[in-house]
Amino acid sequence: MGGRALVLFAHGARSASWAAPFEQLRDMVAARAPGIDVSLAFLELMSPRLPEQVAALAAQGIDDVTVVPVFLGQGGHVLRDLPLILDEMRLAHPGVTIRAVGAVGEDPTVLRAMTDFCLNSVTNGA
């Protein structure tokens with residue numbers, strides 16, 4: 001069976017409205033990735049948590065999962081917490097390839113887009 005999934009991994013917050021831009025990002029990624037299951041998971045305070053989401057994907061027969069930390073930098077959560085969570089998930093789902101990439105905010109293309117946004121806010125008086 002098999003299949004591929006992309007899980008956008010965010011911190012989570014107490015306010016439900018905090019997740020809105022992450023949900024929009026998930027939907028935009030999904031629209032450009034037919035055939036790939038695109039979902040959102042959280043470290044804390046919101047559901048689903050990352051291990052729960054990967055377990056649900058594994059139960060659906062997904063055997064290839066890429067986790068994208070939608071964090072601005074490689075802080076403690078990405079450097080310390082995520083590797084431990086990944087190890088636990090790999091033990092729990094030995095038939096699933098689970099990999100993670102770096103924090104989205106450290107990608108040069110993302111940083112250029114953020115730079116443009118910052119500069120446009122000055123020139124447009126936003």
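The shown structure was predicted, so the numbers you read here are calculated from the model rather than taken from an experiment. The figures here come from the full heavy-atom set of this structure, side chains too, leaving out hydrogens, waters and symmetry mates.
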Exercise for the section: Name all pairs fulfilling the ring-ring contact (aromatic ring centres under 6.0 Å, His included) condition that reach into residues 89-120, sequence neighbours left out, sorted by first residue then second. Expected result: none
For residues 33-40, which side-chain N or O atoms pair as donor and acceptor with protein atoms under 3.5 Å away, sequence neighbours left out?
{"unit_1": "Ser39", "atom_1": "OG", "unit_2": "Gln53", "atom_2": "NE2", "d": "3.0"}

Exercise for the section: Output every pair passing salt bridge (charged side-chain N to carboxylate O under 4.0 Å, His left out) with a member in residues 7-22, not counting sequence neighbours, ordered by first then second residue. Expected result: none
Exercise for the section: Can you sort out the partners of Asp87 under salt bridge (Lys or Arg N to Asp or Glu O under 4.0 Å), two or more places apart, ordered by chain and number? Expected result: Arg90
Practice task
For Ser17, check side chain to side chain contact (heavy atoms under 4.5 Å, CB included) against everything at least two apart and list the hits.
Solution key: Ser15
Handout entry: For Thr115, all residues meeting side chain to side chain donor-acceptor pair (under 3.5 Å), sequence neighbours excluded
Key = none
Problem - Main-chain N/O of Gly3 paired with Asp63 side-chain donor or acceptor, under 3.5 Å - result: yes
Practice task
Specify the closest pair of heavy atoms between Ala19 and Met46, including all atoms of both residues, with the distance to one decimal.
Solution key: CB-CE, 3.9 Å
Exercise for the section: Could I get the full list of side chain to side chain donor-acceptor pair (under 3.5 Å) partners for Ser47, not counting sequence neighbours? Expected result: none
Exercise for the section: Assign the ring pair Phe9 / Phe71 to parallel, tilted or perpendicular, where the plane angle (0 to 90°) is split at 30° and 60°. Expected result: tilted
Handout entry: Contact summary for Pro69 and Gly102, nearest pair of heavy atoms
Key = CD-O, 3.6 Å
Practice task
With the side chain counted from C-beta on, respond yes when Leu43 and Leu50 share a heavy-atom pair under 4.5 Å apart, and no when they do not.
Solution key: no
Handout entry: Identified side chain to side chain contact (heavy atoms under 4.5 Å, CB included) partner of Val104 from the options Leu8, Leu111, Leu25, Val110
Key = Val110
Problem - Contact list for residues 92-105, test salt bridge (charged side-chain N to carboxylate O under 4.0 Å, His left out), sequence neighbours left out - result: Asp64-Arg99
Exercise for the section: Could you list the residues that satisfy ring-ring contact (aromatic ring centres under 6.0 Å, His included) with Phe22, not counting sequence neighbours? Expected result: Trp18
Handout entry: Test side chain to side chain contact (heavy atoms under 4.5 Å, CB included) applied to Arg32 - qualifying residues, sequence neighbours left out
Key = none
Handout entry: Distance, nearest 0.5 Å, that separates NE2 of His11 from CD of Glu44
Key = 3.5 Å
Exercise for the section: Any ring-ring contact (aromatic ring centres under 6.0 Å, His included) involving residues 33-63? Give me the pairs, sequence neighbours left out, ordered by first then second residue. Expected result: none
Practice task
Report yes if some heavy atom in the side chain of Val7 is under 4.5 Å from a heavy atom in the side chain of Val65; otherwise report no.
Solution key: yes
Exercise for the section: Check the pair Arg49, Ile85 against side chain to side chain contact (heavy atoms under 4.5 Å, CB included), reporting the backbone distance first and the verdict last. Expected result: CA-CA 10 Å; Arg49 301 280 177 89; Ile85 296 169; over 6 Å; no
Handout entry: side chain to side chain contact (heavy atoms under 4.5 Å, CB included) partners for Pro21, two or more places apart
Key = none
Handout entry: Cluster check Leu6, Val54: I/L/V/M/F/W/Y, side chain < 4.5 angstrom
Key = no
Practice task
Please round to the nearest 0.5 Å and tell me the distance separating atom CG of Leu57 and atom CD of Gln60.
Solution key: 5.5 Å
Exercise for the section: Could you pull out the closest heavy-atom pair between Leu86 and Ala100, with the gap in Å? Expected result: CD1-CB, 3.7 Å
